[in-house]
Amino acid sequence: MCVCGELLVSWRCVVLLSLRLLFLVPAGLPVRSQGDPQSDNRVMDNITVRQGETVFLRCPQGNIVTHTAWLNRSSILYAGEDKWSVDPRVSLVALSQEEFTIRIENVDIPDEGQYICAVQTRSRPRTTSVHIIVQVPPKILHLSKDLVVNEGANVTLLCLANGKPEPSITWKLVSPVAHGFASEDEYLEIPAISRHKAGTYECTAVNEVSADVQTMKIVVNYPPSVSESRDVGVSVGQQAILQCVAEAEPPADFEWYRDDRRIFNGFDGIQIDNTGKLSVLMFFNVSEVDYGNYTCVATNKLGSANTSAVLYEVIEPTSSTLLQGPGAVQDGNCGNMGAHASLCLLVVIAVQLLLKF
Ligand SMILES: *[C@@H]1O[C@H](CO)[C@@H](O)[C@H](O)[C@H]1NC(C)=O
Ligand SMILES: *[C@@H]1O[C@H](CO)[C@@H](O)[C@H](O)[C@H]1NC(C)=O
Ligand SMILES: *[C@@H]1O[C@H](CO)[C@@H](O)[C@H](O)[C@H]1NC(C)=O
Ligand SMILES: *[C@@H]1O[C@H](CO)[C@@H](O)[C@H](O)[C@H]1NC(C)=O
Ligand SMILES: *[C@@H]1O[C@H](CO)[C@@H](O)[C@H](O)[C@H]1NC(C)=O
Ligand SMILES: *[C@@H]1O[C@H](CO)[C@@H](O)[C@H](O)[C@H]1NC(C)=O
């Protein structure tokens, strides 16, 4: 009987036992060790195949082959042209004096492992083994959901993927600006997140087969901050614009005040126009009572900020007054432009439109 003491050669024992079971090998034939010149055990190059593909297992035969079989570990797939495997994916391709080839379709991970072709000739048994390696494209299984956080929060993002070989995972901030800010790990830790780290994050899982890429978004909320408004000088009867720019997330709501009195849209020939981070206060026909101190208050759920600007009178245009005070002609001031007032206003509005982006 076969005595298979050593685990290392156990597969060979299994082959011989199987062949004996098939009455392929005379019962008295001793199991030969690897060094035995009378047996012949070859190892073929590994076959690497992608999940879902078809693999062909080809085994050279010879002139005086009496019996031959393909085995998957210890189970016989084919003994000669008799199919032993019940797996419909396994089929015979060729059985001749030259070759004994079988095919496994739609290969999957459990198919990975050693396959052995056992050949019995009149003189001695021969085995050929081949290792099938199954590769699987990476797939991202879990990605952190889109997040809305307050500035200063500690954020941890997670991206889990599988695949064979094990995919490597990288995190990147890709928009609004690619920051070169990245992690080569399943986890991306962002301690005390700042508004500059808001945006679209991309997780990439890549292995030899291919890559899987998915994105998620982080919105970072922060209270408004307003930039200093400029005072505007204008003469009676002209148009004027006061403007207020607030950085905020979520975007700020704006309110305008003249001293302590709230100004409402369309009231007293004044129009308030809010777009994104910009609010403008438009005077269509400035009169004496309009001169004064105006305050813009920008508010969101995290806080508020304000800035003030003075609308002051400029004496009717003469070349000397134009040269007088430094703030006499300012951004947003179309008062001194005379006949070009509406053209100037257009330019100012165009500049403001650009500011909105
Ligand atoms: C074949 O694959 C096995 C298992 O991954 C590995 O141990 C062996 O070194 C490989 N052999 C060759 C020749 O690449
Ligand atoms: C090979 O054997 C393994 C383990 O028994 C099994 O899961 C797999 O389906 C088999 N593959 C084929 C092609 O027979
Ligand atoms: C963020 O983590 C640091 C260090 O672990 C901790 O000191 C801080 O309190 C955390 N901040 C928040 C908002 O949880
Ligand atoms: C501006 O207002 C003044 C006084 O109310 C008026 O006389 C003048 O016609 C107005 N100008 C325009 C362009 O509406
Ligand atoms: C305008 O009003 C604000 C708020 O009331 C005040 O802080 C600021 O000093 C005033 N500016 C001028 C020039 O009076
Ligand atoms: C404007 O901001 C200051 C602090 O920066 C605050 O004291 C003041 O109350 C604010 N004014 C308004 C009208 O919100």
Side-chain angles (χ1 to χ4, degrees), residues 50-52 109 135-229 243-254 273-280 296-307 331 350-357:
R50 291 184 184 171
Q51 188 180 40
I109 295 169
Q135 292 188 331
V136 182
K139 177 152 181 52
I140 294 173
L141 302 172
H142 174 88
L143 183 75
S144 295
K145 299 265 173 300
D146 289 356
L147 276 180
V148 178
V149 294
N150 290 347
E151 199 166 35
N154 295 328
V155 172
T156 302
L157 303 183
L158 177 60
C159 178
L160 290 178
N162 67 5
K164 248 178 115 280
E166 185 85 12
S168 61
I169 295 183
T170 52
W171 272 107
K172 260 198 318 234
L173 174 55
V174 289
S175 81
V177 227
H179 264 257
F181 166 74
S183 153
E184 310 231 320
D185 191 31
E186 290 171 343
Y187 289 94
L188 175 61
E189 309 265 0
I190 314 171
I193 193 166
S194 73
R195 63 194 69 178
H196 310 294
K197 286 179 180 168
T200 302
Y201 285 78
E202 185 181 270
C203 171
T204 306
V206 61
N207 70 7
E208 286 157 37
V209 186
S210 63
D212 190 13
V213 179
Q214 287 189 21
T215 59
M216 56 85 62
K217 283 196 177 78
I218 302 181
V219 173
V220 177
N221 285 338
Y222 56 93
S225 60
V226 287
S227 23
E228 194 97 334
S229 287
Q243 55 187 33
C244 175
V245 178
E247 300 289 339
E249 186 63 50
D253 293 322
F254 292 95
D273 188 4
N274 299 329
T275 323
K277 52 173 76 167
L278 176 73
S279 179
V280 297
C296 158
V297 180
T299 308
N300 73 4
K301 61 184 179 185
L302 294 183
S304 72
N306 63 66
T307 181
D331 290 14
V351 167
Q352 282 155 358
L353 276 172
L354 287 174
L355 263 172
K356 288 167 195 173
F357 294 102

(request) Go through the structure and list residues passing side chain to side chain donor-acceptor pair (under 3.5 Å) with Glu186, not counting sequence neighbours. (result) none

(request) Over all heavy atoms of both residues, which pair between Pro137 and Ser210 is shortest? Give the atoms and the distance, please. (result) CB-OG, 3.3 Å

(message) Under 3.5 Å, is there a donor on one side chain and an acceptor on the other for Thr307 and Glu228?
(response) no

(request) Quick one: pull up OG in Ser144 and CD in Gln214 and give me the separation to the nearest 0.5 Å. (result) 11.0 Å

(request) State, with a plain yes or no, whether a side-chain heavy atom of Lys277 is found less than 4.5 Å away from one of Pro251. (result) no

(message) Could you measure the distance from the CD atom of Glu151 to the NE2 atom of His196? Nearest 0.5 Å is fine.
(response) 7.0 Å

(request) Let me know which of Val155, Ile218, Thr215, Asp146 forms a side chain to side chain contact (heavy atoms under 4.5 Å, CB included) with Tyr201. (result) Ile218

(message) Rounded to the nearest 0.5 Å, what separates atom OG in Ser183 from atom CG in Leu173?
(response) 12.5 Å

(message) Could you report the tightest heavy-atom contact between Pro224 and Ala252, atom names first, then the distance?
(response) CG-CB, 4.2 Å

(message) If I compare all heavy atoms of Glu208 with all of Arg50, which pair ends up nearest, and what's the gap?
(response) O-NH2, 4.1 Å

(message) I'd like to know if the side chain of Asn207 and the backbone of Val136 have a donor-acceptor N/O pair within less than 3.5 Å.
(response) yes

(request) For Ala298 and Ala246, work out which heavy atoms get closest and say how close. (result) CB-CB, 3.6 Å

Scan the side chains in residues 299-306 for donor-acceptor partners under 3.5 Å anywhere in the protein, sequence neighbours excluded, and list what turns up.
unit_1	atom_1	unit_2	atom_2	d
Asn300	OD1	Leu302	N	2.8
Asn300	OD1	Gly303	N	3.3
Asn300	ND2	Tyr222	O	3.0
Asn300	ND2	Glu249	O	3.3
Asn300	ND2	Pro250	O	2.9

(request) To the nearest 0.5 angstrom, please state how far the OG1 atom of Thr170 sits from the CD atom of Glu184. (result) 6.5 Å

(request) Kindly give the heavy-atom pair with the smallest separation between Ile140 and Cys203, and that separation in Å. (result) CD1-O, 3.6 Å

(message) Looking at every non-hydrogen atom in both residues, tell me the closest pair between Cys296 and Phe254 and how far apart they are.
(response) SG-CD2, 3.7 Å

(message) Just verifying a value: how many Å separate Leu158 CG and Glu189 CD, rounded to the nearest 0.5 Å?
(response) 10.0 Å

(message) Just verifying a value: how many Å separate Glu202 CD and Cys159 SG, rounded to the nearest 0.5 Å?
(response) 10.0 Å

